[in-house]
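Report on one structure; see the data block that follows.
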Amino acid sequence: MTRIDDTPPAWDERSQLTTFLDYTRDTARAKCDGVSAENARKALLPLSPLMTMNGVINHLRWVEYYWFQVVFLGEEDQGPWTEEDPDREMRIAVDFPLTQLLDEYAEQSARYRELVRGNSLDDQAKRARGSGLHVDLRWILLHLTEETARHNGHLDILREMLDGTAGS
């Protein structure tokens, strides 16, 4: 996989925010290049049994769904999680091939790129956070970049533990 550069095509705020989110998304996918289906399902951290490569990718996919569709657009939450199993998206990820999860994540990312293009960074989310605050699209882009970058660190560790590949 060829990763995009983290240099934006223009220096306006929107270009910078969307370029960095795309860069972290591409990095997550790059971390998975060449990982076998079996290895992608392995939980290597004894105290974190849900931390698999499949689980992280599925989590990233569903986190974006939540922030864009549920919070920003105000749609009904159709995510896989439940009150009894709030991390279900990570648990069920082992039931799917990594290639499918990566394809779904890429397709969804393309749809969200269009959503972002069609809205102002100042547009506020339809749903409030727990504190009652309605975040704007800018905050959501920053949050998703932070979330994806943090989980890229988890993918780094898992990949190195699986097959010794580091720093991709």
Side-chain angles (χ1 to χ4, degrees), residues 1-9 13-45 47-73 77-81 86-117 121 135 137-168:
M1 166 185 190
T2 303
R3 278 184 12 208
I4 67 162
D5 192 334
D6 65 352
T7 305
E13 182 181 22
R14 176 183 295 276
S15 294
Q16 291 180 53
L17 290 171
T18 57
T19 297
F20 269 97
L21 179 54
D22 279 340
Y23 180 75
T24 58
R25 287 168 169 157
D26 283 354
T27 299
R29 286 190 289 275
K31 301 288 175 196
C32 299
D33 276 353
V35 173
S36 71
E38 178 186 348
N39 278 346
R41 292 178 169 102
K42 286 184 182 175
L44 303 170
L45 304 171
L47 299 179
S48 299
L50 301 180
M51 188 66 67
T52 64
M53 294 197 75
N54 273 19
V56 173
I57 294 299
N58 207 39
H59 173 71
L60 290 173
R61 174 189 182 244
W62 284 104
V63 163
E64 287 200 23
Y65 159 84
Y66 178 78
W67 283 103
F68 283 126
Q69 289 183 232
V70 177
V71 176
F72 186 70
L73 295 176
D77 188 354
Q78 301 293 319
W81 38 72
D87 299 318
R88 187 167 176 263
E89 79 279 7
M90 294 185 84
R91 187 177 324 285
I92 65 172
V94 297
D95 297 334
F96 303 95
L98 179 60
T99 53
Q100 177 184 338
L101 297 173
L102 289 166
D103 287 346
E104 289 172 358
Y105 182 40
E107 289 166 11
Q108 180 181 272
S109 296
R111 285 194 310 275
Y112 294 150
R113 265 186 225 96
E114 290 303 312
L115 176 111
V116 169
R117 250 191 289 281
L121 296 177
V135 298
L137 183 57
R138 172 185 296 100
W139 186 94
I140 291 171
L141 291 169
L142 287 166
H143 175 70
L144 290 172
T145 300
E146 175 275 327
E147 173 101 8
T148 307
R150 183 166 40 92
H151 287 303
N152 282 344
H154 298 132
L155 290 170
D156 270 336
I157 292 166
L158 292 170
R159 184 66 190 262
E160 189 169 342
M161 292 175 75
L162 283 169
D163 64 13
T165 300
S168 56

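Everything numeric here is computed off the predicted structure, so don't read it as measured data.
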Item checked: Heavy-atom pair of closest approach, residues Pro49 and Ala43 -> O-CB, 3.2 Å
Notebook entry, point to check: Between Leu162 and Met53, is any pair of side-chain heavy atoms under 4.5 Å apart?
Noted result: yes
Checklist line | Heavy-atom side-chain contact between Glu64 and Arg25 under 4.5 Å | finding: yes
Next item on the list: For His151, check ring-ring contact (aromatic ring centres under 6.0 Å, His included) against everything at least two apart and list the hits.
Entry: His59, His154
Item checked: Residues in salt bridge (charged side-chain N to carboxylate O under 4.0 Å, His left out) contact with Glu89, at least two apart in sequence or another chain -> none
When the side chains of residues 94-108 are checked against the rest of the protein, which donor-acceptor pairs come out under 3.5 Å, sequence neighbours left out?
unit_1	atom_1	unit_2	atom_2	d
Gln100	NE2	Glu104	OE2	2.9
Gln108	NE2	Arg61	O	2.7

Margin query: Using ring centroids (six-membered ring only for Trp), state whether Trp67 and Trp139 fall under 6.0 Å.
Written below: yes
Margin query: Ignoring hydrogens and geometry beyond distance, is a side-chain donor-acceptor pair present between Asp5 and Thr7 at under 3.5 Å?
Written below: yes
Next item on the list: Identify, with sequence neighbours excluded, every residue that meets salt bridge (charged side-chain N to carboxylate O under 4.0 Å, His left out) alongside Arg113.
Entry: Asp22
Item checked: Non-neighbouring partners of Leu50 that pass side chain to side chain contact (heavy atoms under 4.5 Å, CB included), sequence neighbours left out -> Asp87, Met90, Arg91
Margin query: Which residues pass the salt bridge (charged side-chain N to carboxylate O under 4.0 Å, His left out) test with Glu160, not counting sequence neighbours?
Written below: none
Next item on the list: Apply the test side chain to side chain donor-acceptor pair (under 3.5 Å) to residues Asp163 and Thr165: give CA-CA distance (whole Å), side-chain angles for both, the deciding distance (0.1 Å), then the verdict.
Entry: CA-CA 6 Å; Asp163 64 13; Thr165 300; 2.9 Å; yes
Item checked: side-chain hydrogen bond (donor to acceptor under 3.5 Å, both in side chains) involving Asp77 - partner list, sequence neighbours excluded -> Trp81
Next item on the list: Could you tell me whether the side chain of Leu142 reaches within less than 4.5 Å of the side chain of Leu21, counting heavy atoms only?
Entry: no
Margin query: Can you give me the closest heavy-atom contact between Ile92 and Pro80, atom names plus distance?
Written below: CD1-CB, 3.9 Å
Notebook entry, point to check: Does Val116 reach the side chain of Ile140, with side-chain heavy atoms less than 4.5 Å apart?
Noted result: no
Next item on the list: Kindly determine whether Arg29 and Asp33 satisfy salt bridge (Lys or Arg N to Asp or Glu O under 4.0 Å), including the steps that lead there.
Entry: CA-CA 7 Å; Arg29 286 190 289 275; Asp33 276 353; over 6 Å; no
Next item on the list: Kindly write out the residues that satisfy side-chain hydrogen bond (donor to acceptor under 3.5 Å, both in side chains) with Thr24, not counting sequence neighbours, or none if the list is empty.
Entry: none
Notebook entry, point to check: Can you name the residues that form a side-chain hydrogen bond (donor to acceptor under 3.5 Å, both in side chains) with Glu114, not counting sequence neighbours?
Noted result: Arg117
Note to self: Contact between Leu17 and Glu13 at the side-chain level, heavy atoms closer than 4.5 Å - yes or no?
What the structure shows: yes
Next item on the list: Mind checking ring-ring contact (aromatic ring centres under 6.0 Å, His included) for Tyr112 and listing every partner two or more places apart, or none if nothing turns up?
Entry: Phe68
Check: By salt bridge (charged side-chain N to carboxylate O under 4.0 Å, His left out), which residues pair with Glu146, not counting sequence neighbours?
Finding: Arg150
Next item on the list: Using the test ring-ring contact (aromatic ring centres under 6.0 Å, His included), find all partners of Tyr66 that sit at least two apart in sequence or belong to another chain.
Entry: none
